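Step one of this worksheet: look at the structure below.
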Amino acid sequence: MKEIYRGYNDTEVVELGVNIECPHCGREWMEDGLTECGETYEITCDDEFEDGCGKTFQMHFDAN
């Protein structure tokens with residue numbers, strides 16, 4: 001069987017996830033695609049998993 005080796009230099013970040021905590025109910029989850037620096041996102045704590053409050057809030061993303 002042939003074999004290859006990859007190290008850290010061969011690694012590339014493809015997508016970032018942001019840990020979100022609802023300021024209304026405290027529910028936590030990870031959201032993809034909300035990683036544009038300097039942007040403010042409007043997020044709804046939906047009840048997809050039946051434990052969200054359904055309220056909307058804003059999150060400002062800054063990677064400093």
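Treat the numbers as computed from the prediction; the structure is a model and nothing was measured.
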Other than Leu16, which residues form its hydrophobic cluster under the rule that side-chain heavy atoms must be closer than 4.5 Å? Val13
Side chain to side chain contact (heavy atoms under 4.5 Å, CB included) filter on Ile43, not counting sequence neighbours, yields Ile20, Trp29, Leu34, Tyr41, Phe57, Met59
Look up atom OG1 in Thr35 and atom CG in Asp62, then write down how far apart they are to the nearest 0.5 Å. 12.5 Å
To the nearest 0.5 Å, what is the distance between SG on Cys25 and NZ on Lys55? 8.5 Å
Hits for side chain to side chain donor-acceptor pair (under 3.5 Å) against Thr11, two or more places apart or cross-chain, chain-then-number order -> none
Please give me the minimum heavy-atom distance between [X] and [Y], naming the atom from each residue.
{"X": "His60", "Y": "Gly38", "value": "CE1-O, 3.3 Å"}
{"X": "Arg27", "Y": "Asp46", "value": "NH1-O, 3.5 Å"}
{"X": "His24", "Y": "Cys53", "value": "CB-SG, 4.0 Å"}

